[in-house]
Amino acid sequence: MLRMRSGCPFLERTRPGPLPGSRRRRGTLCGVPAALPELLVPWFDEHARDLPWRRPGTTPWGVLVSEFMLQQTPVSRVAPIWVEWLRRWPRPSDLASAGQADVLRAWGKLGYPRRALRLHAAATAIAEVHADRVPDDLDALLALPGVGPYTARAVLAFGYRRRAAVVDTNIRRVIARAVHGAGDAGPARTAADLADADALLPADDPTAARFSAALMELGACVCTARRPRCATCPVRQRCAWQAAGRPAYTGPVKPAQRFTGTDRQVRGRLLDVLRDAPGPVTRAALDAAWHDAGQRDRCVLSLLDDRLVEQFADGRFALPGESGPSGAAGSGPSDRP
DNA sequence: GACTCGTGGTT
DNA sequence: TAACCAAGAGT
């Protein structure tokens, strides 16, 4: 049974009967909450940030690249890298033709460099399997490496202007507050989160796509995690969290993620050495990157395992695909640890 | 479902 | 200033 929570203005039905395809299970909103799109889309028309991947002429490929880069990485750091990538590799086949070492260097310090390899692999698949056109089909997108539930739907919505429920950290937070009246989203409930987001979407494709972008923008710029700017929020009058007196988040607290001293820091240091080097480096060069030999070796192994690093028969290390010692037979990357 | 995977700006 | 946070995906 779906129960209307008190003070939840977006749960008002705007159509008399059940909607086609709507299911009345827990976590699904009943009816179309029309107020949210009508408030948010005009606000977005006026306040949307001028991000490079939102400019006219951006292709679905450009959108896909932006979504890869934006996975867990702030807009301000992605923007300049995205511009350079799209200038250098304007089509999937252009990226597919590049070497992995060049791709990893162009990725720079965006973080999570496995994303760069996955994007390269996705570009290869798009070029070879999809005739160099980014798929506009959900399952085909999900089959691409590095493309998960969020990115696949984001490409549909922002690349093809289709009605697709995108669920990211921003939208989860906005829904938690404006719709459910909670202080924050809490742990992901994938199916229910998707149903919530879908229930908010207007029926037609372009408006739904625009609305999804507006929801994310609201979460990124107004309904922020730390200090939400409720005074300037276009949804304030209809926000369940406001109506409830902005109660504090009460759900489980996720343990703070550390970085200093972790394998992630060590891997980052090691990769940084290889990115900055013009070619293969000796083990001694990597030794200088981290003091703890045991942890260092473990991280080198994991980088080799992730195909972010290669080792040559002469013992030296390099980014994948980088040319090894010249003229020496059998000097290519070794599969041995 | 809990962990892991980079990096740097903000509070 | 240490902690929090940022358009998630893969295992």
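Here is the naming used below: chain letters follow the sequence lines, and residue numbers restart at 1 for every chain.
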Roughly how far apart, to the nearest Å, are dG6(B) and dA6(C) at atom C1'?
-> 12 Å

side-chain contact (heavy atoms from CB on, under 4.5 Å), paired with C299(A), selected from D292(A), V266(A), V309(A) | V266(A)

Please work out if V78(A) contacts a base, only the sugar-phosphate, or nothing of the nucleic acid, heavy-atom cut-off 4.0 Å.
-> nothing

Using the test ring-ring contact (aromatic ring centres under 6.0 Å, His included), find all partners of H47(A) that sit at least two apart in sequence or belong to another chain.
-> W43(A)

Could you pick out which residue, N170(A) or A256(A), lies toward the 5' side of DNA chain C when each is mapped onto its nearest nucleotide?
-> A256(A)

Taking atom P of dA6(C) as reference, at what distance in whole Å does atom CG of D184(A) sit?
-> 8 Å

Rounded to whole angstrom units, what separation is found between the CH2 atom of W82(A) and the C1' atom of dA7(C)?
-> 14 Å

Which letter, B, S or -, goes with each nucleotide of nucleotides 5-11 of chain B from 5' to 3', with contact meaning a protein heavy atom under 4.0 Å?
-> BBBS--S

Just call it for P145(A): base, sugar-phosphate, or nothing, with non-hydrogen atoms closer than 4.0 Å on any strand.
-> sugar-phosphate

May I ask you to check whether T207(A) and D204(A) show a side-chain donor-acceptor distance below 3.5 Å?
-> yes

Could you check how far CG of L141(A) sits from C1' of dA7(C), rounded to whole Å?
-> 16 Å

Could you tell me whether A225(A) contacts a base, only the sugar-phosphate backbone, or nothing, with contacts defined as non-hydrogen atoms closer than 4.0 Å?
-> sugar-phosphate

Using a 4.0 Å heavy-atom cut-off across all strands, classify R173(A) as base, sugar-phosphate, or nothing.
-> sugar-phosphate

Mind checking T224(A) for me? I need base, sugar-phosphate or nothing, with any heavy atom below 4.0 Å counting as a touch.
-> nothing

Examine W107(A) together with W85(A) and report whether their ring centres are nearer than 6.0 Å.
-> yes

Protein-nucleotide distance (I171(A), atom CD1; dA7(C), atom C1'), rounded to Å = 9 Å

Just checking L51(A): base, sugar-phosphate only, or nothing, at a heavy-atom cut-off of under 4.0 Å?
-> base

Name the nucleic acid region contacted by W53(A), choosing base, sugar-phosphate or nothing; use a 4.0 angstrom heavy-atom cut-off, strictly under.
-> base

Which atoms form the tightest heavy-atom contact between C223(A) and V174(A), and what is the distance?
-> CB-CG2, 3.9 Å

Cationic N near anionic O, under 4.0 Å, R163(A) to D198(A) | yes

Test side-chain contact (heavy atoms from CB on, under 4.5 Å), reference L70(A), set L110(A), T151(A), V78(A), output is V78(A)

Find the distance F68(A):CZ to dG8(C):P and express it as a whole number of Å.
-> 13 Å

Rounded distance in Å between the P positions of dA7(C) and dT11(B) | 14 Å

Step by step, would you call Q295(A) with R298(A) a side chain to side chain contact (heavy atoms under 4.5 Å, CB included)?
-> CA-CA 5 Å; Q295(A) 186 179 24; R298(A) 179 173 75 241; 3.5 Å; yes

NA contact type, R54(A), heavy-atom cut-off 4.0 Å: base, sugar-phosphate, or nothing?
-> base

Figure out the CZ/P separation between R118(A) and dT11(C), and round it to whole Å.
-> 7 Å

Length of the line joining L194(A):CG and dG8(C):P, which is rounded to integer Å | 15 Å

